[in-house]
Amino acid sequence: MAAPRANLKTLAEHLGLSVTTVSRALKDGPEVRPETIAKVKAAAAEFGYVPNIGGVHLRTGRTMKICSILYAPEVGDYGDPAFLAQVESLSNGLEPAFYNLMVLAQTAGQAPLDPVRKVLDQRLADAVIFSRTQPQDARAAYCLERDFPFVSFGRTALPTPHAYIDHDDEGAVFDAVTALIRDGHRRIALLNPTGGLTYLGLREQGYRRAFAAAGLPVDPALLRLAPLSVRAHREAVIALLAEAPSVTAFVGANQMSVVGALEAIIETGRDTGRDGLRVVGFGGMPFRILSDQKVVYYYQPQRRVGALLAEHCLALLNGADPAGLQTVLPYTRIEDLRRFRINEELGE
């Protein structure tokens with residue numbers, strides 16, 4: 001005969017605590033002392049405690065699920081391993097609080113708001129996570145109007161504070177362009193994806209700020225937009241080199257942008273080493289390309305992003321002020337991509 005299932009009362013009696021205290025400790029309640037939380041969680045692990053999700057839903061209305069929205073049309077060329085790494089660490093971060101992660105796709109035929117509205121209308125989850133934010137993001141505004149918990153991967157320009165995780169794209173592009181100018185480059189192209197996303201404006205701000213700090217003019221013809229794919233960025237750089245062959249540096253976006261730029265350089269008979277060209281990229285996954293081409297890579301592990309998304313989500317659900325859950329992560333500048341092959345810690 002199977003042993004009876006441990007419940008909150010079992011843990012409370014074992015620890016000599018109230019059921020309310022045990023319940024709050026399992027949810028990392030700020031009113032519970034850290035040592036009590038640790039003691040309760042250790043006992044829960046020892047007894048194999050798992051909450052009765054059906055009972056939780058009946059008592060509180062909570063689903064014990066967090067929904068992350070995947071922008072499916074962007075999963076092209078080589079897929080989206082960064083999102084998978086983010087999902088893994090996000091799920092791991094939610095599990096200690098007995099929350100489950102669900103992933104809902106935004107398909108090509110859907111507006112960004114459609115999957116978020118579905119989560120709310122069908123009560124699929126207790127909070128939602130989405131990326132690709134715009135300055136006046138309809139999804140963020142929709143959740144704010146309905147007081148529905150959410151964490152965005154990216155900032156907005158909305159006046160109401162909300163929780164977010166973001167990369168410091170403005171600071172990283174400023175650093176990249178400043179270094180290029182210091183090395184003698186003046187014809188520096190900024191390759192941005194299309195879509196009007198918030199981070200694209202931040203990247204351009206960093207670019208313009210670096211030129212202004214150096215007392216140099218910006219050539220608008222070197223600010224280029226292309227869909228985020230290897231093919232689109234290869235074609236964009238080939239066209240740029242045909243129109244402006246004096247360009248000596250390319251500040252790309254993610255890994256697909258960098259690969260596209262490198263393919264264009266090679267296809268047009270150029271070489272980053274021989275011709276003194278430079279390519280800069282940004283990303284959340286180790287960039288382990290086997291190439292002698294010169295690439296500077298700004299890196300922020302997506303596993304770190306996923307862990308912080310989990311922390312912010314759980315804090316929101318425990319009543320934290322969204323204004324205190326706004327994190328901008330700096331990039332790490334990698335000047336030699338061989339570091340990713342010899343230093344596994346960079347792949348964290």
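Computation of the quantities below employed the complete heavy-atom set of this structure, encompassing side-chain atoms and omitting hydrogens, waters and symmetry-equivalent molecules.
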Taking NZ, NE, NH1 and NH2 as the nitrogens, is one of them in Arg231 or Glu235 under 4.0 Å from a carboxylate oxygen of the other?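 Salt bridge present between Arg231 and Glu235.
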So that I can tick it off, tell me whether Arg224 and Glu243 are bridged by a salt bridge, with the cut-off set at under 4.0 angstrom between side-chain N and carboxylate O.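 Salt bridge flag = yes for Arg224 with Glu243.
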Inspect the surroundings of CZ in Arg33 and state if more than 12 heavy atoms from other residues, nucleotides or ligands are less than 6.0 Å away.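 Open.
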Please check if the number of heavy atoms outside Lys41 that lie under 6.0 Å from its NZ is greater than 12.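 Enclosed.
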When hydrophobic residues are tied together by side-chain contacts of less than 4.5 Å, even through go-betweens, does [X] share a cluster with [Y]?
| X | Y | result |
| --- | --- | --- |
| Val280 | Val218 | yes |
| Met102 | Leu90 | no |
| Val151 | Leu70 | yes |
| Val177 | Val296 | yes |
| Leu225 | Val247 | no |

Keeping [X] on the side-chain end and [Y] on the backbone end, is there a donor-acceptor pair under 3.5 Å?
| X | Y | answer |
| --- | --- | --- |
| Gln293 | Thr272 | yes |
| Asp275 | Leu277 | no |
| Arg186 | Ile181 | yes |
| Thr133 | Thr156 | no |
| Asn254 | Gly283 | no |
| Arg304 | Gly284 | no |
| Arg139 | Ser131 | yes |
| Asp114 | Ala111 | yes |
| Asp126 | Met64 | yes |
| Gln326 | Asp166 | no |

Which atom pair, heavy atoms only, marks the closest approach of [X] to [Y]?
| X | Y | result |
| --- | --- | --- |
| Gly93 | Leu314 | O-CD1, 3.7 Å |
| Ala236 | Ala226 | CB-CB, 4.0 Å |
| Pro135 | Gly196 | CD-O, 3.6 Å |
| Ser68 | Leu101 | CB-CD1, 4.0 Å |
| Pro322 | Leu316 | CG-CD2, 3.8 Å |
| Ala25 | Ile37 | O-CG2, 3.6 Å |

Step-by-step side-chain contact (heavy atoms from CB on, under 4.5 Å) determination, Cys313 to Ile129: CA-CA 8 Å; Cys313 267; Ile129 296 167; 3.7 Å; yes
With heavy-atom distances below 4.5 Å as the criterion, would you say the side chains of [X] and [Y] are in contact?
| X | Y | value |
| --- | --- | --- |
| Leu329 | Ile165 | yes |
| Glu311 | Thr327 | no |
| Leu200 | Asp169 | no |
| Ile66 | Leu317 | yes |
| Val328 | Arg155 | yes |
| Asn192 | Leu223 | no |
| Val119 | Phe148 | yes |
| Arg278 | Asp183 | no |

side-chain contact (heavy atoms from CB on, under 4.5 Å) assessment of Val40 paired with Val32: CA-CA 11 Å; Val40 170; Val32 184; over 6 Å; no
Residues forming a side chain to side chain donor-acceptor pair (under 3.5 Å) with Arg270, sequence neighbours excluded: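 With neighbours one apart ignored, the set is Thr268.
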What class does the angle between the rings of [X] and [Y] fall in, given that below 30° is parallel, 30 to 60° is tilted and above 60° is perpendicular?
| X | Y | result |
| --- | --- | --- |
| His167 | Phe153 | perpendicular |
| Phe211 | Tyr207 | tilted |
| Phe150 | Phe130 | parallel |

Any residue meeting salt bridge (charged side-chain N to carboxylate O under 4.0 Å, His left out) with Arg333, in chain and number order, not counting sequence neighbours: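 Asp175, Glu335.
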To the nearest 0.5 Å, tell me how far [X] [atom1] sits from [Y] [atom2].
| X | Y | atom1 | atom2 | result |
| --- | --- | --- | --- | --- |
| Leu309 | Ser89 | CG | OG | 7.5 Å |
| Asp219 | Ile188 | CG | CD1 | 11.5 Å |
| Leu104 | Gln122 | CG | CD | 9.0 Å |
| Arg208 | Leu216 | CZ | CG | 13.5 Å |
| Arg234 | Ile266 | CZ | CD1 | 11.5 Å |
| Asp168 | Tyr298 | CG | OH | 11.0 Å |

Of Tyr297, Phe282, Tyr299, which meets ring-ring contact (aromatic ring centres under 6.0 Å, His included) against Tyr331?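 Only match with Tyr331 under ring-ring contact (aromatic ring centres under 6.0 Å, His included): Phe282.
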Starting from the C-alpha separation in whole Å, work towards a yes-or-no answer on side-chain contact (heavy atoms from CB on, under 4.5 Å) for Glu35 and Lys39. CA-CA 6 Å; Glu35 57 269 28; Lys39 184 168 65 172; over 6 Å; no
Check the pair Gln106, Arg132 against side-chain contact (heavy atoms from CB on, under 4.5 Å), reporting the backbone distance first and the verdict last. CA-CA 11 Å; Gln106 177 197 334; Arg132 296 177 54 82; 5.8 Å; no
